[in-house]
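In what follows, a single structure is set out as structure tokens and then discussed.
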Amino acid sequence: MSKLLEEFQEYLKKMNQYEHVLTLLYWDMKTCTPKLGQEGHVEALTHFSTEVFAMSTSEQMGEMLTELAKPAEYDALTDTWKFIVTRMKRDFDRNKRIPADLYKTYVQTQAEAGNIWVDAKEKSDFSLFAPYLQKMIDLTVEMAGYTDPGVEVYDALLNQYEEGMDSATIDGLFEALKKDLIPFVKEILAKQKPENPAFKGYFDPDGQRKVQDLLLDYIGFRRDAGSVGETEHPFTLNFCSKDVRLTNHYYENNPLSSIFSAVHEGGHAIFEQNINPEYDNTVAGSCDYMGLHESQSRFYENILGRNKNFWLPIYDKLGELLPAFKEIPLETFYQEINHVQNSFIRVNADEVTYCFHIILRYEMEKAIFRDHVPVGDLPTLWNQKMQDYLQITPADDAQGILQDMHWSDGGFGYFPSYLLGSIYDGMLLDTLQEELGNVDELLKNGKIKDITAWLNQKIHWYGNTRKPKDAIKAVCGKEISAEPLIRYFKEKYSEIYDIQI
Ligand code: ZN
């Protein structure tokens with residue numbers, strides 16, 4: 001190993017120790033810090049994140065990366081270190097181009113817009129949020145001019161969350177979905193089922209925790225490298241592959257929420273736990289591609305978790321851990337977890353109409369960044385699209401355009417990754433069945449860990465080192481297509497809703 005590489009690794013180790021503390025502080029703040037203790041944590045968090053940012057943009061870092069990128073050093077690196085140097089040099093150059101003043105304004109406005117959004121949502125008044133949304137849009141455009149000069153703004157934003165993805169590709173995928181799903185969903189909704197009162201009763205939160213633990217163990221979440229906390233909104237966080245944590249929330253009168261959050265976050269966590277441990281504590285050792293990450297959580301949540309056969313080997317145990325389930329036959333449960341309905345709120349949507357919630361947001365973002373639609377016109381546009389895709393109109397802004405926090409945070413371009421994840425899942429399901437056999441049979445026979453092992457080997461192991469497009473091509477041998485997902489929806493829901501296809 002060259003002296004320079006050794007020096008570089010020492011430097012990264014130090015940076016990583018700060019990052020470790022930052023992650024721990026964040027976890028503690030979200031899960032157990034008392035209200036009055038938050039301030040002290042925020043101060044420490046600000047201190048350590050400023051340190052990390054200073055180290056990552058220091059002159060020393062710039063010099064090391066420049067030297068390591070030269071053939072004399074670079075050619076001698078292993079593939080892993082070639083990836084790390086290339087990725088860090090790209091991020092370094094990108095960060096260096098952003099004027100310090102602009103970055104500061106961006107971070108401040110982000111915090112303000114976040115607070116105003118909470119208030120505006122509570123009051124259901126878009127006009128309060130509109131000026132801050134405008135500021136976030138303007139700042140996002142300005143930042144993109146520095147980070148991705150010469151690239152069309154919205155493409156640059158999409159690329160930040162799903163590298164290698166652009167709007168021309170997404171347009172093709174989403175249009176294909178619309179063409180088939182709009183008429184298909186209309187057919188499903190024509191056979192609308194009433195709400196099932198069986199799921200409206202009391203479901204003991206302690207029982208829900210036990211069910212969650214059963215599910216996490218069942219799908220292959222490793223306890224020696226993971227733990228579970230409780231928060232308002234579930235999320236997953238990782239220190240490295242050996243310490244991955246997730247959270248959940250337990251509603252007394254909605255057991256399906258914690259069940260499917262457990263399986264969803266479990267999918268994210270299993271991904272992080274099974275990345276090549278050689279990549280730990282480097283930029284290779286996590287997955288920054290949001291679509292690819294979502295493909296794993298949504299594979300567990302939807303493709304597996306909403307399949308009746310997933311539940312066959314464990315449904316009796318559910319009744320033992322949470323007795324309210326003893327009264328609900330598996331068939332009723334299966335119908336409920338696949339109940340398609342046109343609803344206002346994205347996070348509560350079923351897996352089919354969920355596609356429309358994302359397509360709507362994607363088209364809104366294109367209207368903002370491409371067509372420069374004035375901010376004041378956005379609620380009307382939102383409502384019009386809800387009518388087009390779901391034949392419903394939100395009663396107010398809180399139920400409509402104000403429901404998600406993403407835009408207040410500057411997360412423009414993030415939404416499409418959720419649906420890209422499902423599109424990848426359609427393809428992964430096809431390939432899994434070619435290689436391992438029929439998924440219904442695998443699940444029926446309790447062979448879920450074989451599926452997890454397959455995903456570990458095909459997707460998780462590579463962490464950040466393969467871009468989503470390349471990962472899907474490598475595993476499925478094909479370019480990305482929405483056809484498998486559409487076929488999956490049609491086969492599954494034509495049976496549930498007795499529709500001729
Ligand atoms: Zn997720």
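Note that ligands are numbered from 1 as they come in the structure, with each ligand's atoms numbered from 1 the same way.
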**Report entry** Lys193 to Tyr497 six-membered ring, cation-pi geometry met (6.0 Å, 45°)
**Finding:**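 Lys193 over Tyr497 ring: yes.
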
**Report entry** Geometric cation-pi criterion, Arg346 with Tyr418: 6.0 Å, 45°
**Finding:**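 Cation-pi check for Arg346 and Tyr418: passes.
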
Ring-ring centroid check [X] [Y], cutoff 6.0 Å:
X: Phe53; Y: Tyr103; result: yes
X: Phe489; Y: Phe184; result: no
X: Phe203; Y: Phe325; result: yes

Report task. Sequence neighbours left out, what passes side-chain hydrogen bond (donor to acceptor under 3.5 Å, both in side chains) with Gln296? Give chain and number order. Result ->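 Gln296: side-chain hydrogen bond (donor to acceptor under 3.5 Å, both in side chains) contacts with His460.
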
Query raised in the report: Listing residue and atom name, which protein N/O/S atoms are closer to the Zn ion (ligand 1) than 2.8 Å?
Result: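 The answer, once waters are left aside, is His264 NE2, His268 NE2, Glu294 OE2.
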
